[in-house]
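Indexing begins at 1, ligand by ligand and atom by atom, following the structure's order. Everything numeric here is computed off the predicted structure, so don't read it as measured data.
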Amino acid sequence: MILLKIKHLSKTYSEKNLFSRSRKAEKKVVRSVSLDVLQGEILALVGESGSGKTTLARAVLRLVEPSSGEIIYRGKDLLRLNRKQFRPYRRHFQMIFQHPDRAFDPRQTVAAVLSEAIKMNRNLGKEDRTVRTREMLELVHLHENYLTRYPHELSGGEQQRLLVARALAVTPEFLIADEPTSSLDAVVKQDILNLLINLKEKLGLTLLFISHDLGAVHRVADRIAVMYKGRIIELGSRSDIYGEARHPYTKMLLHSIHFRKNKTSAVTEEHLSFPETDSSCDFAPRCQEATEYCRHKIPLFKQMSPGHRAACHFFQQETAEQPAAVAAGM
Ligand SMILES: Nc1ncnc2c1ncn2[C@@H]1O[C@H](COP(=O)(O)OP(=O)(O)OP(=O)(O)O)[C@@H](O)[C@H]1O
Ligand SMILES: [Mg+2]
């Protein structure tokens, strides 16, 4: 069952031009993303820094207003609701942000952090709130002695657990975890990943897990969406992506160590900048397989096998849109 249907979602920022006051450059950071989030799954969103992962997540929660598109939840397009109409839906979605050390008010104790989140959700009396606060701590395996501590008195892993507890205190249906383990050492990272998997199973949560870390993604994800320059360029199950990746960019991510050694694939400014027009495969300037055809036509997001899609001309040869140049090996 589809929990959330994202349709052609885009986010454009206008950037001031230092040299001309009248001209503003448009930067398309999320470009017509369509994605179904299935109930009870962990969907991972991967891609290199600056590819638009956080912006997509924030746009889904309307923490930044999308420029266009639809987000269908329980049959309703959330983007058509005004702020007041959207508010009751908002608590069903929570986000754990990057950088746990900046996520808390340093003057609040752990008890106050959790109690405030619980208050937002339900009209509970003081005693019930205290009980619920303890339940939340227990859920993320933190001892109740921690209630009187301040966030700076917790380790990075404990802060991350507190973030998870605070997000869950609102009893959300859908949780977005943005790089939840990037600042943690290997052992604590495994701990947090196990916690997320357990919570998914115990509470029936649906998770969007954003990460650079393909090891962590392999551990937790049911499905994986690969993002490049604001677009989803490959989508599939864990075995599709780790066993049969089709897009050269996905393969590059999976073999990043090998590619880093290879001088011809060094990343340049041009590689990282967002394209101004939609007239070619975005990955063509970095792709060792690219042909003239790739530089002049956008690939379709084609089905490779049930549930597995990729946007690469090389896998579209047997379709009606057969690119002659590809077939001819240009
Ligand atoms: N408020 C903003 N105004 C203008 N540009 C922005 C704004 N927020 C983000 N961007 C740009 O959008 C692009 C995507 O940023 P985003 O934070 O979504 O990337 P990301 O994939 O989450 O990267 P990372 O892995 O480093 O967290 C970047 O080029 C960034 O500079
Ligand atoms: Mg980010």
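Contacts between His212 and ligand 1 below 4.0 angstrom, taking non-hydrogen atoms only, involve the side chain exclusively. Here Val29 has side-chain heavy atoms under 4.0 Å from ligand 1, and that is the only part of it that gets that close.
Checked options Leu163, Leu63, Thr54, Ile176; the residue passing with Phe97 is Leu63 (criterion: side chain to side chain contact (heavy atoms under 4.5 Å, CB included)).
Contact between Pro180 and Leu196 at its shortest, heavy atoms only, is CG-CD1, 4.3 Å.
At under 3.5 Å, a nitrogen or oxygen of Gly50, whether backbone or side chain, sits near a nitrogen or oxygen of ligand 1.
Under a 3.5 Å cut-off, the side chain of Arg166 and the backbone N or O of Ala169 do not form any donor-acceptor pair.
Backbone or side-chain N, O or S atoms of Ser49 do not reach the Mg ion (ligand 2) at under 2.8 Å.
Counting the atoms of ligand 1 from 1 in the order shown, those under 4.0 Å from a heavy atom of Gly52 are 14 (C), 18 (O), 19 (O), 20 (P), 21 (O). Residue contact check: Ser51 has heavy atoms under 4.0 Å from atoms 19 (O), 21 (O) of ligand 1.
Ser155 meets the side chain to side chain contact (heavy atoms under 4.5 Å, CB included) test with Glu158; sequence neighbours excluded. Judged as a salt bridge (charged side-chain N to carboxylate O under 4.0 Å, His left out), and not counting sequence neighbours, the contacts of Glu41 are Arg223.
Atom NE2 in His141 sits 9.5 Å away from atom CD1 in Ile192 (nearest 0.5 Å).
Not close to ligand 1: Gly47, with no non-hydrogen atom less than 4.0 angstrom away.
Among Lys11, Lys28, Lys27, the residue whose heavy atom lies closest to atom 11 (C) of ligand 1 is Lys27.
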